[in-house]
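Take a look at the structure set out below.
Throughout, a chain's letter reflects where its sequence line sits, starting with A, and its residues are numbered from 1.
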2 protein chains.
Amino acid sequence: MKYIEKLRKSGLRPTKQRLQICEVLFDTEKTFHFTINDLVNKIQKQLNNKISLATVYNTVHAFEKKGYLKQIPINSNQTYFDTNISDHHHFYDLKEEKLIDLENSDVGPINILKKIEGKKIKSIEVLVKLED
Amino acid sequence: MKYIEKLRKSGLRPTKQRLQICEVLFDTEKTFHFTINDLVNKIQKQLNNKISLATVYNTVHAFEKKGYLKQIPINSNQTYFDTNISDHHHFYDLKEEKLIDLENSDVGPINILKKIEGKKIKSIEVLVKLED
DNA sequence: AATCTACTTTATAACCATTCTAAATAAGTG
DNA sequence: CACTTATTTAGAATGGTTATAAAGTAGATT
């Protein structure tokens, strides 16, 4: 399994649950956005197999900390994650409540002119809200 | 009271509670960011007066819907609001967990090249995360 | 000014995503 | 295999937010 090494390198034991979650998250042609609830459903449907909710939370947070997932800053009652960890942005369709990727190349270069003493920029995230 | 007209125009009855919340939110030299909890505390301290939590939620949402407040898209367990309703952006200091305004003029013009059929852009919000 | 109606406030309960807990299980190591 | 430490798990706890339904208030009408 290709994920065993990946996990070991990050200091995460390659458990059955983590490997299964890797499959669901990363064995896809396209990247995607999801909530924890989405993921739990996807696991059940795709693997016909239940992983404890707490484990899904733990794993997603562990993966995020290791940089395998990104959290998407958006106001919602649920937290959205993205398997696309490249430097990119999002459209948010307010009506459909759906996120759409916006590649870096689709947004001109962003130049932050203001500086904050003693702080450096970790990330720049653009959210473009869409209406009809 | 200057807020009576403002509220009436929006179709909101100028109740005692709403007027008091207006004072706390808008009778300030500078705009500011707050959570509902922040606002409840501010009301108690500033007006020495308790407004029911449900009313604070209702009022903030009503004001947001009318465009007197903006919600700040950020991943947090609490929702952040902004009394600065001008077109602007935010720094988020990850260590201090504090928001800092980033005026539109401090961010170069943002040009979204990708178009989504049948949708138009309602807003563009930039979140710049800061680390030490 | 009394009356009426729709809106608003309120305390409290309900909701629900997320986190915590502590016991059982599994992984890695010698 | 034995041992240590990490992980999984079900269920409880937490906490921000929303729903409920009863009491109160604003504004219009008479």
Does the side chain of [X] reach to within under 4.5 Å of the side chain of [Y], using non-hydrogen atoms?
X: I112(A); Y: I110(A); value: yes
X: K114(B); Y: I100(A); value: yes
X: T15(A); Y: Q17(A); value: yes
X: V128(B); Y: H89(B); value: no

Between dT9(D) (C1') and Q17(A) (CD): distance, integer Å: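 For the pair Q17(A) CD and dT9(D) C1', the rounded distance is 9 Å.
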Nearest-Å distance for atom pair CG/P, residues N49(A) and dT8(D):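 In whole Å, dT8(D) P and N49(A) CG are 13 Å from each other.
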At a cut-off of 3.5 Å, list every protein nitrogen or oxygen paired with a nitrogen or oxygen from nucleotides 25-29 of chain D, distance to 0.1 Å.
unit_1: dA26(D); atom_1: N3; unit_2: R13(B); atom_2: NH1; d: 3.4
unit_1: dG27(D); atom_1: OP1; unit_2: R8(B); atom_2: NE; d: 3.2
unit_1: dG27(D); atom_1: OP1; unit_2: R8(B); atom_2: NH2; d: 2.8

Is it true that the side chains of [X] and [Y] contain a donor and an acceptor less than 3.5 Å apart?
X: N84(B); Y: H33(B); answer: no
X: E125(A); Y: S123(A); answer: yes
X: H88(B); Y: D82(B); answer: yes

Range on DNA chain C touched by chain A - first to last nucleotide, heavy-atom distance under 4.0 Å: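 Span of nucleotides near chain A: dA17(C) to dG28(C).
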Sequence-distant partners of T31(B), side-chain hydrogen bond (donor to acceptor under 3.5 Å, both in side chains), two or more places apart: none
F26(B) six-ring centre to K6(B) NZ/CZ under 6.0 Å and within 45° of normal: yes
Row check, Y80(A) ring normal vs K70(A) NZ/CZ: under 6.0 Å, within 45°: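 No, K70(A) and Y80(A) do not form such a contact.
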I121(B) reachable from V107(B) in the ILVMFWY side-chain graph, under 4.5 Å edges: yes
End axis versus end axis in the helix from dA1(C)-dT30(D) to dG30(C)-dC1(D), the angle rounded to 10°, five pairs used at each terminus: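 If I round to tens, the end axes sit 30° apart.
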Between protein and nucleic acid, restricted to nucleotides 10-16 of chain D and to nitrogen or oxygen atoms under 3.5 Å apart, what atom pairs and distances do you find?
unit_1: dG16(D); atom_1: O3'; unit_2: N77(B); atom_2: O; d: 3.4

Any H61(B) side-chain nitrogen or oxygen under 4.0 Å from OP1 or OP2 of dT17(D): no
side-chain hydrogen bond (donor to acceptor under 3.5 Å, both in side chains) contacts in which one or both residues fall within residues 44-62 of chain A, not counting sequence neighbours: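 Matches after skipping sequence neighbours: Q20(A)-N49(A).
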NZ/NE/NH1/NH2 to OD/OE distance under 4.0 Å, D132(B) and K122(A): no
